[in-house]
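Below is one structure, written out as structure tokens; comments come after it.
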Protein chains: 2
Amino acid sequence: MDTAEEIIKYFIRIRERPNVLEEYHKKLFEGMRLAEVHCIDKIGSIEDANVTKIATEMHMTRGAISKICKKLLCRKLIDSYQKPENNKEVYFNLTEEGKEIYFVHKKYHDRAIQSYLDMLTAYTEDEEKAILKFLQAMNVIYDKQSAVFSQVKDKEEV
Amino acid sequence: MDTAEEIIKYFIRIRERPNVLEEYHKKLFEGMRLAEVHCIDKIGSIEDANVTKIATEMHMTRGAISKICKKLLCRKLIDSYQKPENNKEVYFNLTEEGKEIYFVHKKYHDRAIQSYLDMLTAYTEDEEKAILKFLQAMNVIYDKQSAVFSQVKDKEEV
DNA sequence: TCTACATTGTTTCCTTGGAAACAATGAGAG
DNA sequence: CTCTCATTGTTTCCAAGGAAACAATGTAGA
């Protein structure tokens, strides 16, 4: 197996790895579902977060996010508010309790990012450039595949 | 943002991308769920595939795979068989109809792999080595996180 | 050999999340 | 201004899959 083939092999392995890790600790820590913590994270970081924006960022449907936010509201982890000039859109804020979870999550997240950065110090600038170029290229390929998929879907809907 | 940080950004983006693509065409083509096609692929490629082996490879529970195989058996896409020396384990084979799906899937899969390989021809051998080293290192980090997660889980079960 | 334990596959119960229909509101064209 | 269409958020319905209990079988140690 040459280097290119091995790259593909490891790349696919990474894609296939379940999400179980990285953030899952917090599910255990606070008895919350991964998606709920993730949602809190988005509400904490997006300006005037609403259902639609969160759904887009989390690659989930508005329906799913709507349900999660409802749950978070019940548990008083978030608050909702509206703007005087718009009666349709509903925005979310973290409550004090929500912020606690936000920061615990952030701590773990930052720690994970740092471990990646530490690992990357072993590479030269040229190597880093190559890695980055590769990752960007893979994203472009996925975008293209996504576009093809959308076309197929559109045809079906006709 | 320096190169290392950008690498992490794109890496996370790739991890977060939904699976929607790459194989999803076939769901449309043959009216089958992604996991079902994936399962057929494993049965076609694993020697004496059984529920446990498939579950491990697909990062799913035995229960889930058991149900999928039951469905595939009903639809006559796979056959089951046993060995004389073991009354417990049940193995699966593809039927002729199952093999058709297997090869259609394989065609798309190989085409995707080829597009990755084509993209990689633009890199020097040294660059490829760096990319590979990075992907392997990321896998190691994930393994470590996995191990930590298992420990936490074990503690809970006590 | 017999007994405890491990492993396999299955089933039941439950939660998550998608699809899609819906109501409410906003925006834009005439 | 009004009508149409787009957008937002919600809800209902349903399927997929995990957790866990279970039965059946295999295995290893006394």
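- Cation-pi geometry between B:Arg15 and B:Tyr142 is met: under 6.0 angstrom from the ring centre, within 45 degrees of the axis.
- For the pair A:Met32 CE and C:dT15 P, the computed distance is 16 Å after rounding to whole Å.
- Within a heavy-atom distance below 4.0 Å of DNA chain C, the residues of residues 55-76 of chain B found are B:Arg62, B:Gly63, B:Ser66, B:Lys67, B:Lys70.
- For DNA chain C, none of the residues of residues 43-51 of chain A falls under the heavy-atom distance limit of 4.0 Å.
- Sorted by first and then second residue, the pairs that involve residues 54-65 of chain A and meet side chain to side chain donor-acceptor pair (under 3.5 Å), not counting sequence neighbours, are A:Lys42-A:Glu57.
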Atom pairs under 3.5 Å: protein N/O with N/O of nucleotides 23-25 of chain C:
{"residue": "C:dT25", "atom": "O2", "partner": "A:Lys88", "partner atom": "NZ", "Å": "3.4"}

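- Residue A:Arg33 places at least one side-chain N or O under 4.0 Å from the OP1 or OP2 atom of C:dT16.
- The backbone N or O of B:Met1 lies less than 3.5 Å from no partner atom in the side chain of B:Glu6, so there is not a single donor-acceptor pair.
- If you take OH of B:Tyr91 and C1' of D:dT25, they are 12 Å apart, rounded to a whole angstrom.
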Using residues 93-104 of chain A as the side-chain source, report each donor-acceptor pair under 3.5 Å to any protein atom, sequence neighbours left out, with the distance given to one decimal.
{"residue": "A:Thr95", "atom": "OG1", "partner": "A:Lys76", "partner atom": "O", "Å": "2.8"}
{"residue": "A:Thr95", "atom": "OG1", "partner": "A:Leu77", "partner atom": "O", "Å": "3.0"}
{"residue": "A:Thr95", "atom": "OG1", "partner": "A:Glu97", "partner atom": "N", "Å": "3.4"}
{"residue": "A:Thr95", "atom": "OG1", "partner": "A:Gly98", "partner atom": "N", "Å": "3.1"}
{"residue": "A:Glu96", "atom": "OE2", "partner": "A:Lys99", "partner atom": "NZ", "Å": "3.4"}

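- Counting heavy-atom neighbours within 6.0 Å of A:Lys70 NZ, excluding the residue itself, gives a total of 12 or less.
- With salt bridges taken as basic N to acidic carboxylate O contacts below 4.0 Å, none links A:Lys53 and A:Glu47.
- In this structure, A:Glu36 contributes its side chain and A:Ile68 its backbone to no donor-acceptor pair below 3.5 Å.
- With respect to B:Lys83 and B:Asp48, a salt bridge is recorded, a charged nitrogen being found less than 4.0 Å from a carboxylate O.
- No path of Ile, Leu, Val, Met, Phe, Trp and Tyr side chains, each step under 4.5 Å between heavy atoms, connects B:Tyr91 with B:Ile46, placing them in separate hydrophobic clusters.
- A straight line from CD1 of A:Ile54 to C1' of C:dG17 spans 16 Å, rounded to a whole angstrom.
- Within the 4.5 Å cutoff, the side chain of B:Ile54 has heavy atoms near those of the B:Phe92 side chain.
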Would you be so kind as to tabulate the donor-acceptor pairs closer than 3.5 Å made by side chains of residues 128-139 of chain B, with sequence neighbours excluded?
{"residue": "B:Lys129", "atom": "NZ", "partner": "B:Glu125", "partner atom": "OE2", "Å": "3.3"}
{"residue": "B:Asn139", "atom": "OD1", "partner": "A:Arg17", "partner atom": "NH1", "Å": "3.0"}
{"residue": "B:Asn139", "atom": "ND2", "partner": "B:Leu135", "partner atom": "O", "Å": "3.4"}

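- Where B:Lys53 and A:Glu89 each meet DNA chain C at their nearest nucleotide, the meeting point lying more 5' is that of B:Lys53.
- OP1 or OP2 of C:dG9 has at least one side-chain nitrogen or oxygen of B:Thr52 nearer than 4.0 Å.
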